[in-house]
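Have a look at the structure below, then the notes.
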Amino acid sequence: MIKNSIWLEVMRKDVEQGMEFTELLQRTADVARGAGGLVLAIKKPEVFTKEGHSNFVTEADLASQKYCIGKLSGILPEAHFFAEEQEQNVLEPGYNWVIDPIDGTTNFMRGYRHSAVSIGLVKDGEGVLGVVYNPYTEELFAAARGEGAFLNGAPIQVSQAAMKDALIVFGTSPYDRGKAAETFSVVQKIFLSCGDIRRSGSAALDLCYVAAGRCDGFYEGQLSPWDYAAASVILEEAGGRIGTLEPYRFSFREQQPIVAGNPEVYEEIRRLAGC
């Protein structure tokens, strides 16, 4: 087990503690892989509905979350949990594991094969570690603050594409249809200014794809913290930028619009979205 004193030294960027820091990231990655394997093993999950339009949770989501919480509790016992399928979520002082047990539940239900387990670690409001694992492709995106971003162990970096050539991924905030007009107004502006657009159904993977240079920017009018907590660290460590729109202040406490991309594309999407 990694002692808290060692972890604090790592967070102060003490390079002598690099092995312990690597161990923490590896153990978190192992949890994500284990949860991903559990998800794929549940072939015909029971499905339940949640508040909002077409908002679902499956027994696989619940099993994945229970697995993640159980395993992560043994890695950093003092950490709190902020997880999608938890009844009450408050970002506490200190460490918080921010978990989406299946990002892309509808994709998972339909066999679309584009979903991920997302585990972020937030310390006093700052994202410090992120792991996003797609069990279908066995791709694991990972990063820790100040240590770079990686895909299956290989370093990744955002693209240098200009907006006119950019491939932009976006989300539609499907659970709140009241945002449809605003969302598609912004997306139309983006489409007319970029190379092309895509809609995948997993914000965590979208942001990781931007981090890896597969796409160049991202926009969604409303996301929850578990959708972007892990991927935000990965994206920033890959040289990208992520933020929100006025009047919100970027945080991991509440739902908010999210804009991300390589530095040039990020600024262009913010401009088109009205900031």
Side-chain angles (χ1 to χ4, degrees), residues 103 114 116 118 120 122 125-132 134 139 141-152 154-173 179 182-225 227-252 255-275:
D103 184 63
H114 189 77
S118 177
V122 173
E126 179 188 8
V128 295
L129 180 149
V131 170
V132 175
N134 182 343
E139 289 188 318
F141 299 86
R145 186 67 64 190
E147 301 292 329
F150 302 88
L151 168 55
N152 290 349
I156 55 175
Q157 198 76 18
V158 296
S159 75
Q160 296 181 347
M163 186 66 180
K164 67 181 179 64
D165 302 315
L167 181 61
I168 309 297
V169 280
F170 70 98
T172 56
S173 305
K179 294 190 175 296
E182 177 185 356
T183 291
F184 285 101
S185 175
V186 173
V187 170
Q188 181 182 33
K189 294 176 184 177
I190 291 171
F191 176 67
L192 294 174
S193 301
C194 73
D196 206 349
I197 59 175
R198 296 288 186 272
R199 165 83 167 107
S200 82
S202 170
L205 287 175
D206 286 346
L207 292 167
C208 288
Y209 277 28
V210 175
R214 295 174 178 175
C215 303
D216 310 298
F218 172 87
Y219 166 79
E220 185 154 1
Q222 180 175 288
L223 279 179
S224 296
D227 295 315
Y228 59 84
S232 68
V233 180
I234 297 166
L235 177 63
E236 290 182 326
E237 285 298 309
R241 296 183 65 187
I242 184 169
T244 188
L245 302 173
E246 296 178 357
Y248 293 89
R249 181 178 179 181
F250 183 79
S251 75
F252 303 104
Q255 292 182 333
Q256 57 192 266
I258 293 294
V259 175
N262 70 36
E264 177 181 337
V265 169
Y266 170 80
E267 292 294 349
E268 283 296 306
I269 296 176
R270 280 179 53 83
R271 180 183 67 79
L272 292 169
C275 282

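Predicted model, so just to flag it, every value in this text is computed and none were measured.
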Does a side-chain heavy-atom distance below 4.5 Å link T172 with F184?
yes

If you compare all heavy atoms of V131 against all heavy atoms of A142, which two are closest, and at what distance to 0.1 Å?
CG2-CB, 4.2 Å

Quick one: does any side-chain atom of Q222 pair with a main-chain N or O of Q256 as donor and acceptor, under 3.5 Å?
no

Is a side-chain N or O of E139 found less than 3.5 angstrom from the main chain of L151, in a donor-acceptor match?
no

dist E264:CD -> I269:CD1 (nearest 0.5 Å) comes out at 11.0 Å

If only atom types and distance count, is the side chain of Q157 paired as donor or acceptor with the main-chain N or O of G213 below 3.5 Å?
no

Hey, does the side chain of R270 reach the backbone of V265 with a donor-acceptor pair shorter than 3.5 angstrom?
no

Min side-chain heavy-atom separation I190-F170 under 4.5 Å:
no

Would you name the heavy atoms of C215 and S159 that are closest together and state the gap between them?
O-OG, 4.5 Å

Flag, side chain of S200 to backbone of D206, donor-acceptor distance under 3.5 Å:
no

Please examine the side chains of V233 and L129, heavy atoms only from C-beta on, and report whether any two atoms are closer than 4.5 Å.
no

Just so I know, are the side chains of I234 and L207 near enough to count as touching, which here means a heavy-atom distance under 4.5 Å?
no

Minimum heavy-atom separation for D103 and S202, please, with both atom names.
OD2-OG, 2.6 Å

If you round to the nearest 0.5 Å, how far is CG of D216 from CE of M163?
9.0 Å

